[in-house]
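Every chain is numbered from 1 and lettered A, B, ... according to where its sequence line falls, protein lines coming before strand lines. In what follows, every heavy atom counts, from backbone to side chain, and hydrogens, waters and symmetry copies are set aside. Source: prediction; values computed, not measured.
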Amino acid sequence: MAAHLSSGRVNLTALREAGRRELREFLDKCAGSKAIVWDEYLTGPFGLIAQYSLLKVSAAAGARRPGPAAAAPDALASAQEHEVEKMFTLKPGRLPPADVKNVIFFVRPKLELMDIITDNVLREDRGRSPQRDFHILFVPRRSLLCEQWLKEQGVLGSFIHREQYSLDLIPFDGDLLSMESESAFKECYLESDQTSLYHAAKGLMTLQALYGTIPQIFGKGECARHVANMMIRMKREFPGSQNSIFPVFDTLLLLDRNVDLLTPLATQLTYEGLIDEIYGIQNTYVKLPPEKFAPKKQGEGGKDLPTEPKKLQLNSAEELYAEIRDKNFNAVGSVLSKKAKIISAAFEERHHAKTVGEIKQFVSQLPHMQAARSSLANHTSIAELIKDITTSEDFFDNLTVEQEFMSGIDTDKVNNYIEDCIAQKHPLIKILRLVCLQSVCNSGLKQKVLDHYKREILQTYGYEHILTLNNLEKAGLLKPQTSGRNNYPTIRKTLRLWMDDVNEQNPNDISYVYSGYAPLSVRLAQLLARPGWRSIEEVLKMLPGPHFEERQQLPTGLQKKRQHGENRVTLVFFLGGVTYAEIAALRFLSQMEDGGTEYVIATTKLINGTSWIKSLMEKLEPAPF
Amino acid sequence: MSRARADEEEYWHSSKFRAFTFDDEDDELSQLKESKRAVNSLRDIVDDDDDDLERVSWSGEPVGSISWSIKETASSSTSSLEGRDSSLQKGSSSYAAFPKQVSSYSLSSLFKGELYLSLSALSDTGVKNYAPELRRPKAEYKDYSSDWSPKDTVRRMQRGKVCSLERFRSLQDKLVLLDEAVAGHDGNVITAVLIFLKRTLRREILFRELEVRQVALCHLIHFLKETGEQKLLLDLLRLCFFSLSLQLSQYREHLNIQDVEKRREFLKGCIGLPFSAEDTSHIQDHYTLLERQIIIEANDRHLETAGQSEIFRKYPRKASILNMPLVTTLFYSCFYHYTEAEGTFSSPTNLKKTFKIPDKQYVLTALAARAKLRAWDDVDALFTTKNWLGYTKKKAPIGFHRVVEILQRNNAPVQVLQEYVRLVEDVETRLNLATKYKCHDVVIETYRDLKDRIQLTAYKCKVERGSADEEKINSILNNMVRNAY
């Protein structure tokens, strides 16, 4: 499961290992058998750090092996007691009657969760024997607010250990880290709460402790500036963090999401991007409709069609997926059919195997071939599912409008398609994505156009959505054109954001990820590497927030002498979220032969336009029909 | 709560509990500790169990994933332990004491920043019956007895050190402390300072100072929202209304009001608030709409239960109309109250006028509602206009292709559909729609007008053999031949 983390230029297994170590340390503090009660949201991110087997055999595995650990027989006995025996999902009511010594709550610091925990603890049977000890592990941080809340409910004293597990940057893949902090963008831009930036800075400090001080920091945007400041201050204040590790990263680029509000609004057209747009990838897993994944073996799932969604993990550990995920969807089909031919040819080989030696060789390759075949079958099914959608009329119409906006056509008047969609009551998020896209591509909408859209939306979807519209305005996604000037055309031309001749099959530019539109954020990263931001000063000034450069001094012994032809490594940190298409574009740049830079990507959250807009919407109660 | 406190007291003073046994080396525990360390270091060398190829259970959930395990362990535990659970035994509190082990190699301990404030600074309760963390080894006591500057205090709080805020007595000091906390960007610390200020400052002074400190203000609002201190929150919002970003917060409160009458009253109160001009008009509309819905709902519920009205008997209402969007309300009124005079609150024309619903929107909604009832005459009337000579003409503000789509979605018969397909102006669209919905007449006539023999001949195989349609095609083809010569 961890092989994919070490495949990249930077070995991220070390980061995961540090996370696991910390978790084990906590578990070991609570001696005796344990039950873990999970805040359901956390199970996904935790799964990327440690699987159940790790928790369960945390100590027992060591005891089985000869060595210093098993020196005393009673140590062995207590070690075996030490394991995590049960796991439950956090919910109100009485805790299940597991016969364990410790009950540990793994929770985010949220008040509504504290209420559930309080309920659990108060309903605990005081007379039970043996009594169970309670502990709380806050992820990613202890919160004063929560503890005070527990205190007011009179249960704080029931917890023996109250600790925090700083799950700041979680390794998702060999070149990808995420904090999975869903509301980071909203908190920063709507609520002026920059705690997530503080966590980002802390995550970066942890990263530097493991992979060396990053000598150069570039940034664009208000939040980027804050994070850089915090990093510099933390470094000054923790003299102990002066480490002697040879720096793995040459450059850190901090980018605010609000510098590029456009990109996430557009529909991603890479394979992985489309899977995320349509089905939503959660912590590298995707749930798919089961119809196309009929059980292969008889008797396993019975004769009925499976009704549970099919769950698949998607990361670079799967060879085929690593190859196709960043391709434009239009280029995926040909790769799949080529692979199919290769595999069936490989299976045909068995007819040519004559000698015992040949047969033996064939058999030894079988497991690998079978894995490749099932991987191919899965992705063929997924591609079919996606194709059903991408070939639909509505997908095409929607994409046409998006592309018109991005290339600057008719962005200043009410769009017919958007009006039609409102009239037909298409999902509100879809409407908002389009209207925001139009606004961003026009540096704000004309007051009359904006008012028209607002009125239609409120009349059709309900007046309470005025709150959501207000949020979008605050975030800068939807706004009246104030300056009277539309800067977007200048930005588009200078940064070459729209490319007419895009090659989807054999791309020569990052614009292939949106079939024409080159993501602004990635263009900034590309231009920073070559020829440098000095060439685009004018445009940088048009984008919100300051741009800056900082240097962190390295001891002379650690300064890098670059080998000829050796690539630089840049960590790009997207504050406020990043899309899979942007990741694909950066990977494309990493792989360019004369690129000279390889990228590792970090973010507060993996997003797409839908999940992003959703995070900005006011939570309203669902309508009864 | 007092009971719980007493429990805590008892618990902490109980001699069995040894809260800090740093120098108290229990044999068994120290062995365990050692074995643990050995195991941990072992795991770095030996292979990880979970690095094997992932196993997947038949439900598709990877075996060993956390959510899978939750299901597994939860299901296996439920029944078996019932009996033991009920064996009531007044257990002695046998809390074991564990050394607070400070690991020498944990990376994160460098940055962990365990926030721990002196909670005495935040509540009136004394230290002793509070948290174990406060009873730290003597060496740490000096940490909070010294005189730290506001800046140092904030830094220390961020790193999780214990700090007393009580020393900050003057308003000046408190504000410097707050500004430092805000400059640190750590919401946890900002909130901690705010709680301290909220407790030690007069409300008017606190609010006044927050007015010029927007970030801190947002944190306090968030805190009050989370903890549900509605009264203080509303007071704060009322005072801060001039600040643009908060205008709608009070309006938002209506969502928490379940009772419609109360909600209506609340919205009425919102109208007077200083929103921007357009927001005010939307909120006014919201209020008017809810007011209408309450009247319509009362009326219709009465009609429905009385069972007198045919439409309600034939098509019972699926849900109440309360709190529905305007367009949904219009649909409802076109469905149940289409023929009512403009004077009644529930008539569609009245709604259209009151809320200035654009023509397009109105026609679309009315069409959908009437088509659903299969009231084709009403549909016809929607698009019929008379000119001054008394001739009738068909006109649709939404384009007839859209009309066809909506009718088709409501399973309109071909005869009805055909009539509107014929009215689609663009020839290509007309042909596409006609072919798609099998309006043979329209297809045939269009090809005839285009004089397209080839297509017409090809179309012959699409119509039923021996039908009137086939005959029609044949006769047209014959005519065309004759005309060609």
For this session: With a 4.5 angstrom heavy-atom cut-off, could you sort out which part of A/Leu111 is near chain B: side chain, backbone, both or neither?
Result: both
For this session: Identify which part of A/Asn229 has an atom lying under 4.5 Å from any heavy atom of chain B, answering side chain, backbone, both or neither.
Result: neither
For this session: For B/His222, check ring-ring contact (aromatic ring centres under 6.0 Å, His included) against everything at least two apart and list the hits.
Result: none
For this session: List in chain and number order the residues that pass ring-ring contact (aromatic ring centres under 6.0 Å, His included) with A/His199, two or more places apart in sequence or in another chain; answer none if no residue qualifies.
Result: none
For this session: Output yes when A/Glu419 and A/Arg455 qualify as a salt bridge under the 4.0 Å nitrogen-oxygen rule, no when they do not.
Result: no
Exercise. Under a 4.0 Å N-O cut-off, is there an ion pair linking A/Arg141 with A/Asp168?
Worked result: no
Seminar exercise, completed: Honestly, the part of B/Ala183 sitting under 4.5 Å from a heavy atom of chain A is backbone
Exercise. Relative to chain A, which segment of B/Leu330 carries a heavy atom at a distance below 4.5 Å: side chain, backbone, both, or neither?
Worked result: neither
Problem set entry | When B/Thr365, B/Thr191, B/Asp285, B/Leu364 are compared by non-hydrogen pairs under 4.5 Å with chain A, the top option | B/Asp285
Problem set entry | Test of ring centre spacing under 6.0 Å for A/Tyr165 and A/Phe46 | yes
Exercise. Looking at A/Lys454, A/His226, A/Met230, A/Lys110, which has the largest count of heavy-atom pairs under 4.5 Å with chain B?
Worked result: A/His226
